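Presented below is the structure to which this report refers.
Read the numbers this way: they start at 1 and go in the same order the structure lists the ligands and their atoms. Remember, predicted model here, so these are calculated numbers, not experimental data.
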Amino acid sequence: MSSQTPKTVVSAKDISIRFGQVQALEDISFDVHEGEFVAIIGPNGAGKSTLIKIALGLKKADTGTIGLFEDGRSLKPSDIGYVPQLKTFDRTFPAQVIELVVSGLRHNWVWSASKQETILARKALDEVGAGHLAARALSSLSGGELQRVFLARAMVREPNIIFLDEPATGVDTLAEHDLYHLLENYLKRQPRAVVVMITHDLSVARFHSDKVLVLNRRLFNCGTPEEVMTEACLKAAFGHQGHGHSLKFA
Ligand code: ADP
Ligand code: MG
């Protein structure tokens with residue numbers, strides 16, 4: 001570990017957003033530093049997806065800002081990878097796996113990939129253990145396979161920030177373990193990158209992340225898993241939704 005203070009890659013300041021009568025987020029502030037694996041946890045409707053969409057520029061906060069790389073450099077699309085919540089994806093979309101991954105290299109959909117794009121996309125698929133799926137139709141994939149393909153798409157440009165929205169949904173347990181392993185290896189290869197992941201699985205937050213944000217409209221806590229994942233904090237943030245199996249690890 002370097003003795004220098006790690007650089008701030010994501011800096012959220014006083015983010016608030018309201019949808020009609022619903023105050024979805026209120027005064028959220030936190031920083032993510034290079035090399036960090038961050039887990040965002042909180043009950044359904046806590047504002048987790050909204051927070052990531054604001055960071056991505058897909059939604060505009062009513063007040064506050066989320067700065068990415070505040071060291072003066074201009075942001076390129078290739079700096080950011082995004083794995084959206086899969087349930088929002090139309091599985092019948094008529095495309096091949098390789099085409100979806102190539103689309104991560106461009107701003108829009110592409111029906112014919114260049115040789116170089118195909119090479120990069122194949123490399124990204126190999127890295128997530130999905131090289132054998134390249135020629136398959138998206139509609140033929142299992143949930144776990146589709147998740148890997150989206151991960152390859154997010155990683156194909158070797159971004160400095162990867163946002164993932166509940167990436168383990170629909171993935172079997174073994175594949176899920178691979179997924180976190182992959183992300184951890186990515187951070188080893190790219191030590192200045194960050195991974196910000198929404199998860200409903202508290203043990204994932206506890207065992208795989210460096211920093212946890214406990215969110216339910218407001219930020220209940222932010223720190224290392226040991227610091228913030230106390231029974232009191234989780235009960236306060238999850239309320240009655242905390243009676244499920246996911247709290248039992250504590
Ligand atoms: P989470 O991802 O933690 O489950 P979301 O960020 O999806 O939560 O949603 C937070 C709250 O904001 C919820 O009450 C949700 O219904 C509401 N919400 C999110 N997006 C919209 C929208 N476009 N229009 C109206 N309400 C929304
Ligand atoms: Mg969500």
Side-chain heavy atoms of Arg153 within contact of Ser103, under 4.5 Å = yes
Please confirm if an N, O or S atom belonging to Ser49, backbone or side chain, lies less than 2.8 Å from the Mg ion (ligand 2).
-> yes
Closest protein heavy atom to atom 7 (O) of ligand 1, given as residue, atom name and distance to 0.1 Å | Ser49 CB, 3.9 Å
min-distance protein heavy atom vs atom 4 (O) of ligand 1 -> Gly45 N, 2.8 Å
Among Ile66, Val38, Asp31, whose side chain to side chain contact (heavy atoms under 4.5 Å, CB included) with Val10 holds?
-> Ile66
Taking both backbone and side-chain atoms of Phe19, is any N or O found less than 3.5 Å from an N or O belonging to ligand 1?
-> no
Closest heavy-atom pair, Gly35 versus Asp210, reported as atoms and distance to 0.1 Å, is O-OD2, 3.6 Å
May I ask you to decide whether Lys53 forms a salt bridge with Asp165, counting only side-chain N to carboxylate O separations under 4.0 Å?
-> no
Quick one: which of Val22, Asp165, Thr50, Leu25 has a heavy atom closest to atom 9 (O) of ligand 1?
-> Thr50
Using non-hydrogen atoms of the residue, decide whether Gly47 is closer than 4.0 angstrom to ligand 1.
-> yes
Is the closest heavy atom of Gly20 to ligand 1 under 4.0 Å?
-> no
Quick one: does NZ or CZ of Arg148 land under 6.0 Å from the six-membered ring centre of Phe150, within 45 degrees of the ring axis?
-> no
Does the protein put a heavy atom under 4.0 Å from atom 16 (O) of ligand 1?
-> no
Answer yes or no for atom 11 (C) of ligand 1: protein heavy atom present at a distance under 4.0 Å?
-> yes
Would you please say whether a donor-acceptor pair under 3.5 Å links the side chains of [X] and [Y]?
X	Y	answer
Asp201	Ser203	yes
Gln85	Ser49	yes
Ser11	Lys13	yes

Ligand 1 to Pro43, heavy atom cutoff 4.0 Å, flagged ligand atoms 3 (O)
Check each atom of ligand 1 against the heavy atoms of Ala46 and keep those under 4.0 Å away; list them by number with element.
-> 1 (P), 3 (O), 8 (O)
Logged contact type for Asn44 with ligand 1, heavy-atom cut-off 4.0 Å, is backbone
